[in-house]
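First comes the structure, then the notes that go with it.
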Amino acid sequence: MPNVVTRFAPSPTGFLHIGGARTALYNWLFARHYGGEFLLRIEDTDRARSTDAAIAAIVSGMEWLGLTSDGEVTSQFEQAPRHREVAEHLLKTGKAYKCYATAEETAALRATARENGEVFRGDMWRDRQPDAETAARAYAIRLKMPRDGETTIKDSVQGSVTVQNSTLDDMILLRSDGTPTYMLAVVVDDHDMGVTHIIRGDDHLNNAFRQYQLFAAMGWDVPEFAHIPLIHGPDGKKLSKRHGALGVDAYAEMGFLPEAMRNYLLRLGWSHGDDEIITTQQAIEWFNLENIGKGPARFDFDKLDNLNTHYMRQLSAIQLLSCVQNDLEKRLGVPLSEAEKNRILAAMPSIVDRAKRLPDIVDGASLFCNIRPLTLTEKAMKLLEGQTAQIADVANELAAITDWKPDVVKAAIMSFAQARDLKIGKVMQPIRAALTGGAPSGDLIELLDILGQEEAIARLKDQAIT
RNA sequence: GGUCCCUUCGUCUAGUGGCCUAGGACGCUGCCCUUUCACGGCGGAAACACGGGUUCGAGUCCCGUAGGGAUCACCA
């Protein structure tokens, strides 16, 4: 396939939501697969609703996901003169015409058309000449849609879809204030930017027919379309702001790794046989439009969590620490000491083993910081009930150790239990409770070892006193 | 309401007329491992929306029904 060009064209009216992120990912993957270009165009023709904050959120969201665009980020608004030029050209060649209808007039006609179950085509000025008075009024420019025949678009996802031309309206190209509409702008920009494949949300499928006719009116090649189904919420309802639609930044904050998000989004609505864990390299190699599902898919946090645990375990202790260091220090209120860092690094394998999201790692790592006195969970309190004397004895026993090594510590605890004829669990559980306060943790001997003699005994004594 | 699209376990999906007694993954669940919590290992329950065709044979093709979705702006 020769020079593939794809684009992601969000309107900057809010954050980069999950559906947009997936659309961007698919465009990016498709372009990378063919060694083509992936462009980012901001559709900011609606001046009232577009904000710089939204643009920044979109760009940073894509950055987080690792979806780098080629070339400059373009603004659709800045192309307005060119859009106008195309509208004027269409007017000159008779492919478009001036419409003098007022907003009220149009709305009324639309309402009655719908009441009667008829198609509203907005064509009240299609074959009418204005008198001198109306000719002086502001006018919009509408495309003269073909009335006969049908339009078929060959969609890579939806297949071949046909619509009767009689159901297409004479859409407005240029508003009466002279600004271009989205319908005009997308088509002109996609053509000017050399876009070969338009991969976008299903919600644009109906627009595709109208845009097709605009391409045709200009005599331009029509790009290939691929309309991907929308993502729904866990309840099957459309993902809207009321329904818990979140920006990708929110997922970052929840502690998901971008690679997990990418893998999840990729598999949500696309498949490659039974493959679940797919590296970005493989994704680029395997991605195609044919294997995109046609039905809307539901968002599922459990599966995202599962992928996230997988990708977290792929990271080294050092990488994981750097992922959580900021949050951890924020919680502690002080920077991490070298000793604390080393303890966390040593404990990381067992910390990541019981973590689903980054905050779980913060929890696990904080155990290895100087956080005395610990606050106990209810369960830990129960385990320590009436054990203060025993804990004190254990603390003394351990304090006597001169060579703090796992084997030695273990032997000390074993003999402590034996001497008192206690089951090993009866000794270890209270110790664990005193050391962790009840937080999930791994092997107890390892915990003692990493904590170090001083800190471990201090924590035990904290519980022995009360 | 008009137009268009979709329909396999709870969820994401494999499946392109015989390999399907429908496979995988997440979740759920039983057992094992075990000093907590996890991890891990081995099992289990769980789906072709419904009704008609076509065919020797249908999850796979056709029609209808039901359900879901998208869209119908001088928004994008």
Side-chain angles (χ1 to χ4, degrees), chain A residues 9-13 43-46 48-50 76 99 101-103 106-107 110 113-120 122 138-142 155 157-159 161-164 167-169 171-177 179-183 185-186 201-209 227 229-230 232 234 236-238 264 267-277 291 293-307 309 313 349-356 360 364 379-380 383 413 423-433 436 438-445:
Chain A
S11 61
T13 54
E43 310 229 317
D44 51 357
T45 53
D46 184 347
R49 296 201 303 153
S50 299
Q76 187 159 64
C99 172
T102 63
T106 312
R110 193 194 326 277
R114 181 161 180 172
E115 247 168 65
N116 301 333
E118 289 160 2
V119 183
F120 176 68
Y139 57 85
I141 296 180
R142 285 181 185 269
D155 192 285
V157 173
Q158 308 290 341
V161 188
T162 301
V163 107
Q164 294 304 312
T167 66
L168 267 22
D169 71 327
M171 62 189 184
I172 290 183
L173 268 17
L174 215 59
R175 302 187 185 98
S176 49
D177 65 359
T179 60
T181 61
Y182 158 80
M183 285 294 180
V186 248
D202 209 335
D203 49 338
H204 285 290
L205 183 58
N206 291 281
N207 290 335
F209 302 99
H227 289 93
L230 269 18
H232 285 193
K237 291 277 190 321
K238 185 188 170 179
Y264 179 69
R267 271 294 279 108
L268 189 64
W270 177 86
S271 60
H272 182 265
D274 285 339
D275 294 306
E276 297 288 347
I277 303 289
N291 289 344
K294 290 187 178 188
R298 298 185 190 197
F299 192 88
D300 179 18
F301 272 103
D302 284 331
K303 196 138 187 177
L304 213 206
D305 273 332
N306 177 264
L307 251 8
T309 60
R313 287 173 199 182
S350 91
I351 294 174
V352 75
D353 237 22
R354 59 216 83 219
K356 281 185 165 152
D360 298 332
K379 205 174 163 192
L383 281 168
I413 291 176
K423 276 182 125 177
I424 191 74
K426 281 283 175 218
V427 178
M428 285 180 142
Q429 293 206 22
I431 297 177
R432 177 190 300 283
T436 66
S441 59
D443 180 69
L444 181 62
I445 303 301

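Residue numbers start from 1 in every chain, and the chains themselves are labelled A, B, ... in the order their sequence lines are given, proteins ahead of strands.
- In a base pair of the Watson-Crick type (N1 to N3 plus N6-O4 or O6-N4) or a G-U wobble (N1-O2 and O6-N3), with each distance short of 3.5 Å, B/A25 is matched with B/U11.
- Within the structure, a side-chain polar atom (N or O) of A/Lys294 is placed less than 4.0 Å from OP1 or OP2 of B/C6.
- With distances taken from any side-chain atom of A/Gln429 to the nucleotides B/C26, B/U35, B/C37, the minimum falls on B/U35.
- Side chain of A/Asp203, nearest nucleotide from B/C5, B/C26, B/A70: B/A70.
- If you check distances only, the side chain of A/Asn207 does reach the base of B/A76 with a donor-acceptor pair under 3.5 Å.
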N/O-N/O pairs, protein side and nucleotides 43-48 of chain B side, under 3.5 Å:
none

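- Among the nucleotides B/G69, B/C74, B/G27, the one closest to the side chain of A/Ile172 is B/C74.
- Here the straight-line distance linking atom CD1 of A/Ile172 with atom CD1 of A/Ile141 works out to 10.5 Å at 0.5 Å rounding.
- Between atom OG1 of residue A/Thr309 and atom CG of residue A/Leu304 there is a gap of 10.5 Å, rounded to the nearest 0.5 Å.
- For A/Ile277 and B/C12, the CD1 to C1' distance is 13 Å, given to the nearest whole Å.
- Atom CZ of A/Arg142 is separated from atom CG of A/Asp169 by 7.0 Å, given to the nearest 0.5 angstrom.
- Remark: A/Asp44 engages A/Ser75 in a side-chain hydrogen bond (donor to acceptor under 3.5 Å, both in side chains) (not counting sequence neighbours).
- The two residues A/Ile413 and A/Ile424 have their closest heavy-atom pair at CG2-CD1, 4.4 Å.
- Backbone-only contact: A/Thr45 has heavy atoms under 4.0 Å from sugar-phosphate atoms and none from a base.
- No side-chain heavy atom of A/His227 sits less than 4.5 Å from a side-chain heavy atom of A/Val157.
- When distances are taken from the side chain of A/Asn206 to each of B/U71, B/U36, B/C74, the shortest belongs to B/U71.
- Annotation: B/G52 and B/C31 have their P atoms spaced 44 Å apart (nearest Å).
- A distance of 9.5 Å separates CG in A/Leu168 from CG in A/Asn206, rounded to the nearest 0.5 Å.
- Across all strands shown, A/Leu444 has heavy atoms under 4.0 Å from base atoms, whether or not it also approaches the sugar-phosphate.
- For A/Ser271, the side chain to side chain contact (heavy atoms under 4.5 Å, CB included) partners at least two apart in sequence or on another chain are A/Arg267.
- Among the heavy atoms of the strands lying under 4.0 Å from A/Lys379 are primed sugar atoms or P, OP1, OP2 only; no base atom is included.
- Contacts of A/Phe299 classified as ring-ring contact (aromatic ring centres under 6.0 Å, His included), with partners at least two apart in sequence or in another chain: A/Tyr251, A/Tyr264, A/Phe301.
- Atom CZ of A/Phe299 and atom C1' of B/G10 are 17 Å apart (whole Å).
- Annotation: B/G15 and B/C32 have their P atoms spaced 39 Å apart (nearest Å).
- Comparing the P positions of B/U71 and B/G59 gives an interatomic distance of 35 Å, to the nearest angstrom.
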Would you list the protein and nucleotides 38-41 of chain B atom pairs, both N or O, that sit under 3.5 Å from each other?
{"unit_1": "B/A38", "atom_1": "O2'", "unit_2": "A/Asp353", "atom_2": "O", "d": "2.9"}
{"unit_1": "B/C39", "atom_1": "O3'", "unit_2": "A/Arg313", "atom_2": "NH1", "d": "3.4"}

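- Inter-residue side-chain proximity for A/Lys356 and A/Asp302 is flagged as unmet; no heavy-atom pair is nearer than 4.5 Å.
- Summarising the geometry, the separation between NZ on A/Lys423 and P on B/U34 is reported as 14 Å, rounded to the nearest angstrom.
- Residue-level contact check: A/Leu304 touches neither bases nor backbone, having no heavy atom under 4.0 Å from any strand.
- One atom, CG of A/Asp300, and another, P of B/G24, lie 19 Å apart when rounded to the nearest Å.
- For B/C39, the base is syn relative to its sugar; the glycosidic angle is within 90° of 0.
- With a 4.5 Å cut-off on side-chain heavy atoms, A/Asp353 and A/Arg313 count as touching.
- Proximity note for A/Lys303 (side chain, C-beta onward) versus B/C74, B/G24, B/A76: the nearest is B/G24.
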Enumerate the protein-to-nucleotides 13-16 of chain B contacts in which both atoms are nitrogen or oxygen and the separation is below 3.5 Å.
{"unit_1": "B/U13", "atom_1": "OP1", "unit_2": "A/Gly269", "atom_2": "N", "d": "2.8"}
{"unit_1": "B/U13", "atom_1": "O3'", "unit_2": "A/Ser271", "atom_2": "OG", "d": "3.1"}
{"unit_1": "B/A14", "atom_1": "OP1", "unit_2": "A/Ser271", "atom_2": "OG", "d": "2.8"}

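- Distance check, rounded to the nearest 0.5 Å: CE of A/Met183 to OG1 of A/Thr45 gives 11.5 Å.
- Residue-level contact check: A/Arg49 touches the bases, meaning some heavy atom is under 4.0 Å from a base atom.
- The CZ atom of A/Arg298 sits 13 Å away from the C1' atom of B/C6 (whole-angstrom rounding).
- A/Val161 is listed as a side-chain neighbour of A/Phe209, based on a closest heavy-atom distance under 4.5 Å.
- Listed here is the closest heavy atom pair of A/Pro296 and A/His232: CB-NE2, 3.6 Å.
- At a threshold of 4.0 angstrom between heavy atoms, the contacts of A/His232 are confined to the sugar-phosphate backbone, with no base atom among them.
- Side-chain N/O atoms of A/Thr181 and base N/O atoms of B/C74 include no donor-acceptor pair closer than 3.5 Å.
- Using a 4.0 Å heavy-atom cutoff across all strands shown, A/Ala101 reaches at least one base atom of the nucleic acid.
- When the C1' atom is used for both B/A46 and B/G24, the distance is 14 Å, rounded to whole Å.
- With a cut-off of 3.5 Å on both pairing distances, the Watson-Crick or G-U wobble partner of B/G1 is B/C72.
- Between B/G27 and B/U13, the distance separating the two C1' atoms is 14 Å to the nearest Å.
- One can place CG of A/Leu205 at 7 Å from C1' of B/C5, the figure rounded to the nearest angstrom.
- Searching all strands for a Watson-Crick or G-U wobble partner of B/G64 with both distances below 3.5 Å returns B/C50.
- A/Asp202 has its CG atom 17 Å from the P atom of B/G68, to the nearest Å.
- Toward the 5' end of RNA chain B, the nearer of the two residues A/Asp443 and A/Gln158, judged by each one's closest nucleotide, is A/Gln158.
- With P as the reference atom, B/C62 and B/U54 are 15 Å apart, rounded to whole Å.
- Contact check for A/Asp202 versus A/Gln158: side-chain heavy atoms found under the 4.5 Å cut-off.
- Using a 4.0 Å heavy-atom cutoff across all strands shown, A/Thr162 reaches sugar-phosphate atoms only and no base atom.
- Remark: A/Asp46 CG to A/Thr13 OG1 distance equals 8.0 Å, nearest 0.5 Å.
- B/G10 and B/C50: their P atoms are spaced 13 Å apart (whole Å).
- Close to B/U36, at under 4.0 Å from its OP1 or OP2, lies no side-chain N or O of A/Ser441.
- Atoms CD1 (A/Ile445) and P (B/U36) sit 13 Å apart, rounded to a whole Å.
- Comparing B/G41 with B/C5, their P atoms are spaced 45 Å from each other, to the whole Å.
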